[in-house]
Protein chains: 2
Amino acid sequence: MGGMATAERRAQPARVDATRNRERIIAAAREAFVEHGPSVPLDAIAHRAGVGNATLYRHFADRHELIHVVASYSLARITEQAESALAEETDAFEALRRFVHRAADERVGALCSMLYEGFDKDDPHVVDARIRLETAVEQLMDNARQSGQLRSDVGLGDLMVAITQLTRPVAGTECALIERYMHRHLQIFIDGLRAPARSELSGTAARFEDFEADRA
Amino acid sequence: MGGMATAERRAQPARVDATRNRERIIAAAREAFVEHGPSVPLDAIAHRAGVGNATLYRHFADRHELIHVVASYSLARITEQAESALAEETDAFEALRRFVHRAADERVGALCSMLYEGFDKDDPHVVDARIRLETAVEQLMDNARQSGQLRSDVGLGDLMVAITQLTRPVAGTECALIERYMHRHLQIFIDGLRAPARSELSGTAARFEDFEADRA
DNA sequence: GGCGAAACGGAGATCTTCTCCCCGTTTTCC
DNA sequence: GGAAAACGGGGAGAAGATCTCCGTTTCGCC
């Protein structure tokens, strides 16, 4: 792995316009998935990326592969956010708060929609990434709990689902709307997470596994 | 309009199996819309209702009409919840809390998805119903604010959007999952709404009109 | 500056999927 | 017990998405 940029999986060095288009498509796909869901026409993604549809199919065999790449990207970036919040913030609750807002900016809500439809959840890379994310967020929550700032009756799943739901695009409206308000609503939710708890919650703390099981 | 049950709009009294099927279809449509969104195949709704697709088309001219009926039903029931909470609860914040949880049970989240796609928002009946709902919820919030229990930096839109988002089905999973957790998350959100506010919110209080504007 | 190879874009054939109608059969109600 | 109304399944027609073909353009290197 000399000094050259990360080469494509092919032996060929890949032309610069090809790699640029590939990244444009990924970016466009991310936006399109966020706005219109995981079954948005691929032609629409190509159009949004400013390329012909043939170019899209040249880079990605099918929708499945495109989703996989986009979701992996997002998952990795969210994990980085969790880990850097963990490393850089001194206050435990502030670290949690920072992570939540950063994760929102990465549009976890839309990511999760993708994760479910057509995403190989048993792919080793994906499993690794997910475990890393879970570990980091669990750590963030543990820290906040032990410092007495986080109510003790909430679990990882509660937080992740809330982020997912509150950052999803409101059906039928343009993205601008939810972007304007999601941070407000997340902040209110976070305020509700603070100790001491202001009410008693029904059910039990949601874990991540609960969602795994239900997916099968 | 004597003592007989509410007659169908036709002159004919309507057969009992016909009205029963009609209601089955409406119920099935509500569930199907909640689970799969407003563009779920009509044949799937008919199947879920246990009737042939022809029966569905006999009762409703097209998808538009079906959505209209289902959404009107839900809107009316949610409005009733708001008004009864207003009338029956003595504590202002408890009234608000009760409304939120009841509204969640009516699946406002799914309703809103419907409201946007293919719903005549200028229909006089709909406008009336919406204004009644807004008035009642605004009253609930005003009461809670004036009693010093609701933080003052949140608006009607903040609450409605949060309910909408937190009660939507998690993409790709079965309904059971979200039903299990939505009340927990709404409760946490409500705890965050309590005065005194535990943080400062970005942006301004969301109003309902903000969403109207964006829809056009 | 020019040449070969690789990438590009648009148009269209194919395939899936949803809508909606037809018509023989069953159910309701008098 | 019979007429009228409602029902169900199958399938034609339409719409839309996927993916490929092929002529044109761009890149990278001599």
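Hydrogens, waters and symmetry mates are skipped; everything else that's a heavy atom, side chains included, is used. Quick note on labels: first sequence line is chain A, next is B, and so on, each numbered from 1.
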Legend entry - Distance, rounded to the nearest Å, where B:H36 contributes NE2 and C:dT17 contributes P: 15 Å
Legend entry - Spacing of OH belonging to B:Y57 relative to CG belonging to B:D62, to within rounding of 0.5 Å: 9.0 Å
Inset, instruction - Determine, for A:R98 against A:E88, whether the closest basic-nitrogen to carboxylate-oxygen distance falls under 4.0 angstrom. - result: yes
Legend entry - Any A:V100 side-chain heavy atom under 4.5 Å of A:L159 side chain: yes
Legend entry - Side-chain N,O (A:H59) to OP1/OP2 (C:dC8) below 4.0 Å: yes
Inset, instruction - Can you tell me the distance, in whole Å, between the CG atom of A:L56 and the P atom of C:dG10? - result: 14 Å
Inset, instruction - Please name all residues satisfying salt bridge (Lys or Arg N to Asp or Glu O under 4.0 Å) with B:R48, sequence neighbours left out, ordered by chain then number. - result: B:E31, B:E35
Inset, instruction - Output, in order, the C-alpha distance, side-chain angles, deciding distance and verdict of side-chain contact (heavy atoms from CB on, under 4.5 Å) for B:R107 and B:S74. - result: CA-CA 8 Å; B:R107 315 309 303 275; B:S74 298; over 6 Å; no
Protein-nucleic acid N or O pairs under 3.5 Å, nucleotides 19-21 of chain D:
from: D:dC19; atom 1: N4; to: A:N53; atom 2: ND2; distance (Å): 3.0

Legend entry - Partners meeting salt bridge (Lys or Arg N to Asp or Glu O under 4.0 Å) with B:D17 (sequence neighbours left out): B:R15
Legend entry - Residues, nucleotides or ligands: over 12 heavy atoms within 6.0 Å of A:H47 NE2: no
Legend entry - Whole-Å distance separating the CG atom of B:L66 from the C1' atom of C:dC20: 15 Å
Legend entry - Interatomic distance where CG belongs to A:N21 and P belongs to D:dT26 [whole Å]: 12 Å
Inset, instruction - Look at atom NE2 of A:H183 and say whether more than 12 heavy atoms of other residues, nucleotides or ligands are closer to it than 6.0 Å. - result: yes
Legend entry - Between the first and last five pairs of the helix from C:dG1-D:dC30 to C:dC30-D:dG1, the angle of the axes, rounded to 10 degrees: 30°
Output a table of nitrogen or oxygen pairs between the protein and nucleotides 28-30 of chain D separated by less than 3.5 Å.
from: D:dG28; atom 1: OP1; to: A:V16; atom 2: N; distance (Å): 3.1

Legend entry - Phosphate OP1/OP2 of C:dG9 contacted by A:T55 side-chain N/O (<4.0 Å): yes
Inset, instruction - Please tell me which of B:V51 and A:V40 maps to the more 5' nucleotide of DNA chain D, matching each residue to the nucleotide holding its nearest heavy atom. - result: B:V51
Inset, instruction - Please examine the side chains of B:Q187 and B:D191, heavy atoms only from C-beta on, and report whether any two atoms are closer than 4.5 Å. - result: yes
Inset, instruction - List for me each residue that meets salt bridge (Lys or Arg N to Asp or Glu O under 4.0 Å) alongside B:E80, sequence neighbours excluded, and say none if there are none. - result: none
Inset, instruction - Would you kindly give the NE2-to-C1' distance between B:H47 and D:dG8, to the nearest whole Å? - result: 13 Å
Inset, instruction - Round to the nearest Å and state the distance from B:H64 atom NE2 to C:dT19 atom C1'. - result: 17 Å
Inset, instruction - Show the numbers, then the answer: is there a salt bridge (charged side-chain N to carboxylate O under 4.0 Å, His left out) between B:E134 and B:R130? - result: CA-CA 6 Å; B:E134 288 174 34; B:R130 224 196 44 235; 2.9 Å; yes
